[in-house]
Structure formats: structure tokens, C-alpha cells
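Below: the structure, in C-alpha cells.
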Amino acid sequence: MTQTFTAQDAFRAAYENRYTWDQDFPGFTATVTFTHGDQSYTGTVAIKADMSFEVTGIEAEAAKKEIEGQLWEITVHRVRRSFEDSHGKNSFEFGEKFADGAQEIQVTGASMGNSYKIKNNVVTFVNRKIRDIIVNINTFDVLNTDEGYLSLGYDSVYFDAATKEPKAGKSLFRDSFEKVSGYYVLTRREITYLENDQEVDKKVFTFTDIQF
């Protein structure tokens with residue numbers, strides 16, 4: 001009997017190919033440096049086994065919030081959730097097949113209207129509605145490990161869900177990772193903000209002295 005490979009099968013394979021931390025993840029501390037323009041702030045961060053986090057040693061509240069935002073981004077992408085927990089209320093259909101080999105996956109059900117592109121078991125594009133905002137994330141560079149892939153280069157653009165007009169310019173991310181004590185950990189993130197393809201701002205976060 002021929003088994004049909006469905007859109008859900010294809011998307012599940014890419015979803016389960018993401019690199020995440022396992023149930024034995026012990027948490028770690030690191031020295032963080034946040035650089036924005038000519039300002040630089042250094043402190044200590046901790047990501048705990050339960051994925052909670054904290055920033056200490058930085059008095060400037062705005063800088064602390066910037067770092068906390070990145071820790072939230074790190075943990076939300078490294079936490080391991082089953083496909084059923086994340087997408088059990090959704091259904092999936094094949095959409096357009098692109099010249100570069102990418103396959104569109106359209107979502108129906110609870111997340112109706114969202115869509116993805118997958119290529120070589122990697123989610124290369126996300127189109128997701130979050131309340132009154134639509135976010136598009138395009139991944140163009142990944143690190144393939146034996147435990148799944150990590151995004152190294154990607155950009156994001158936000159749109160007004162009603163008007164479909166951009167809410168701001170493009171944010172371009174460049175990430176670096178190192179494997180420490182058996183776990184891949186973000187060591188550097190550079191965010192470049194673009195308006196009409198021209199750089200208007202840049203923020204850099206580095207994580208050193210990582211201790212599990």
C-alpha cells in the first residue's frame with residue numbers, strides 16, 4: 001500500500017527538526033554585554049532549567065529590558081514542545097511550490113490564515129498573525145546539527161493586520177552559537193534595523209563565560 005505524505009507530515013518533520021534543549025537542560029549563567037550605538041552595558045544573565053530567566057548587574061532599566069527581551073526569544077525557541085501541543089488544533093494543506101524548491105504550507109483550523117515555507121526539513125518562512133499584527137520571518141542561513149537546525153540569518157517585518165501596511169522597517173538578525181557542556185548556546189546576536197534597505201540602527205548582544 002502506498003502511504004501518502006501529507007502537508008501535516010511535511011510540516012511536522014520540519015517542526016521536529018528544530019534544535020531544542022532536552023528535559024535534562026540544567027540552566028546556565030553567562031556574562032552579557034549589550035551594545036547600542038556608543039552605549040555598552042555588561043551584567044549577568046541566568047536561564048534556569050524551567051526556562052525562567054533573570055538579568056542582574058545592570059541598573060539602566062531600558063538596557064535591562066532589551067536583554068530580557070532577547071532571553072525571552074532564546075527560551076521560547078529552545079523550549080521543547082510536542083507537535084500536538086503546538087499545532088494540534090491546526091490542519092495543514094500544501095500551497096505553492098517555489099522555484100527554489102521551497103514548499104508552502106497553509107494553515108487552517110485554530111490558526112487559519114497563517115502559512116509557512118519549508119525546504120530540506122527547515123522552516124524557511126513564517127507568515128503569522130498575532131492579534132492585530134502580521135509578522136513575516138524569512139530564514140536564509142541555518143546551522144545543521146545532529147540534533148536539529150538553528151537559524152543563523154533571518155529577517156522580520158511586521159504588518160498591520162487590517163491594512164497590510166508595514167508597521168516599521170526590516171530587522172535583520174545574525175546569530176552565532178557554541179556547543180557548551182553538550183548544549184548549543186547563543187553567543188552573539190546582531191540586529192540591524194533597515195529602512196528602505198538602508199541601515200538606521202544596530203544592537204549587539206554577546207554572551208560569554210557560559211557556566212552550566
Side-chain angles (χ1 to χ4, degrees), residues 5-30 45-55 67-95 102-131 133-139 141-156 158 171 173 175-187 189 205 207 210 212:
F5 190 65
T6 67
Q8 178 166 309
D9 295 333
F11 185 63
R12 179 196 287 269
Y15 176 89
E16 294 180 345
N17 188 38
R18 300 170 307 121
Y19 175 80
T20 55
W21 292 326
D22 62 23
Q23 66 274 10
D24 297 321
F25 173 72
F28 66 89
T29 60
V45 298
I47 294 180
K48 302 175 185 179
D50 64 359
M51 296 295 180
S52 62
F53 52 81
E54 63 180 355
V55 179
I67 296 167
E68 288 173 341
Q70 297 309 310
L71 296 181
W72 182 85
E73 290 279 353
I74 291 168
T75 54
V76 78
H77 287 101
R78 297 288 81 81
V79 67
R80 183 165 295 183
R81 298 181 66 201
S82 72
F83 183 81
E84 286 72 22
D85 284 346
S86 294
H87 293 286
K89 295 181 179 179
N90 295 327
S91 298
F92 303 89
E93 299 174 355
F94 286 122
Q103 172 67 63
E104 182 184 28
I105 303 291
Q106 298 174 345
V107 183
T108 59
S111 300
M112 181 82 171
N114 290 354
S115 62
Y116 302 87
K117 292 180 188 177
I118 57 173
K119 182 181 178 181
N120 299 328
N121 268 6
V122 171
V123 178
T124 59
F125 181 77
V126 174
N127 173 67
R128 181 183 297 152
K129 183 179 179 183
I130 306 171
R131 295 179 292 278
I133 297 294
I134 294 172
V135 59
N136 283 180
I137 301 170
N138 175 57
T139 297
D141 189 17
V142 298
L143 171 66
N144 287 303
T145 80
D146 292 338
E147 302 157 84
Y149 75 88
L150 289 155
S151 297
L152 297 180
Y154 50 101
D155 57 50
S156 67
Y158 289 83
S171 300
F173 295 76
D175 288 354
S176 299
F177 295 88
E178 289 183 13
K179 195 171 189 179
V180 182
S181 298
Y183 293 93
Y184 284 92
V185 179
L186 182 72
T187 55
R189 170 167 290 165
F205 303 82
F207 301 89
I210 296 162
F212 278 84

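Starting from 1, each residue takes its place in the sequence as its number.
For the pair Glu16 and Phe83, the minimum side-chain heavy-atom distance is below 4.5 Å. Side-chain contact check for Phe25 versus Ile47: some heavy-atom pair is nearer than 4.5 Å. Contact annotation: the side chain of Lys129 approaches that of Asn114 to within less than 4.5 Å [non-hydrogen atoms, C-beta and beyond]. For the pair Arg12/Glu84, a side-chain contact is recorded, criterion being any heavy-atom separation below 4.5 Å from C-beta on. For the pair Ile118/Thr124, no side-chain contact is recorded, criterion being any heavy-atom separation below 4.5 Å from C-beta on. Counting only heavy atoms from C-beta outward, the side chains of Asn127 and Ile134 approach each other to under 4.5 Å. Taking 4.5 Å as the limit, every side-chain heavy atom of Phe94 sits out of range of all side-chain heavy atoms of Gln106. Taking 4.5 Å as the limit, some side-chain heavy atom of Phe53 sits within range of a side-chain heavy atom of Thr75.
Remark: Phe205 CZ to Arg189 CZ distance equals 8.5 Å, nearest 0.5 Å. A distance of 5.0 Å separates CD1 in Ile105 from CD in Gln103, rounded to the nearest 0.5 Å. Atom NE2 of His87 and atom OG of Ser111 lie 7.5 Å apart (nearest 0.5 Å). One distance of note links CZ of Phe207 with CD1 of Ile74; it measures 4.0 Å at 0.5 Å rounding. A distance of 6.0 Å separates CZ in Arg128 from CD1 in Ile130, rounded to the nearest 0.5 Å. Remark: Asn138 CG to Asp155 CG distance equals 4.5 Å, nearest 0.5 Å.
Inspection of the Asp141 and Tyr154 side chains reveals no N or O donor paired with an N or O acceptor under 3.5 Å.
Phe92 pairs in a ring pair (Phe, Tyr, Trp, His ring centres under 6.0 Å) with only one of the listed residues (Tyr116, Tyr15, Phe11), which is Phe11.
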List the steps, then state whether side chain to side chain contact (heavy atoms under 4.5 Å, CB included) holds for Thr139 with Val123.
-> CA-CA 8 Å; Thr139 297; Val123 178; over 6 Å; no
Between Tyr183 and Asp22, is a side-chain hydrogen bond (donor to acceptor under 3.5 Å, both in side chains) present by the stated rule, with each step listed?
-> CA-CA 9 Å; Tyr183 293 93; Asp22 62 23; 2.8 Å; yes
Given side chain to side chain contact (heavy atoms under 4.5 Å, CB included), test Val142 with Leu150 step by step and report yes or no.
-> CA-CA 5 Å; Val142 298; Leu150 289 155; over 6 Å; no
Run the numbers on Phe177 and Tyr184 for ring pair (Phe, Tyr, Trp, His ring centres under 6.0 Å), then give the verdict.
-> CA-CA 6 Å; Phe177 295 88; Tyr184 284 92; 7.4 Å; no
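In the displayed structure, Phe28 atom CZ is contacted under 6.0 Å by more than 12 heavy atoms of other residues, nucleotides or ligands.
Looking only at distances, no side-chain donor or acceptor of Arg80 sits under 3.5 Å from a matching main-chain atom of Gln23. Side chain of Asn120 to main chain of Val122: no donor-acceptor pair is present (N/O by atom type, distance under 3.5 Å, no hydrogens or angles). Asn17 contributes a side-chain N or O that, together with a main-chain N or O of Asn121, makes up a donor-acceptor pair within less than 3.5 Å.
Listed here is the closest heavy atom pair of Val180 and Phe212: O-CE1, 3.2 Å. For the pair Ile137 and Ser156, the tightest heavy-atom approach, listed with the atom from each and the gap, is CG1-CB, 4.1 Å. When all heavy atoms of Gly109 and Asn90 are compared, the closest pair comes out as C-OD1, 4.2 Å. Among all heavy-atom pairs drawn from Val79 and Met51, the shortest one is CA-CE, 3.9 Å.
A salt bridge links Glu147 with Lys179: at least one charged nitrogen is closer than 4.0 Å to a carboxylate oxygen.
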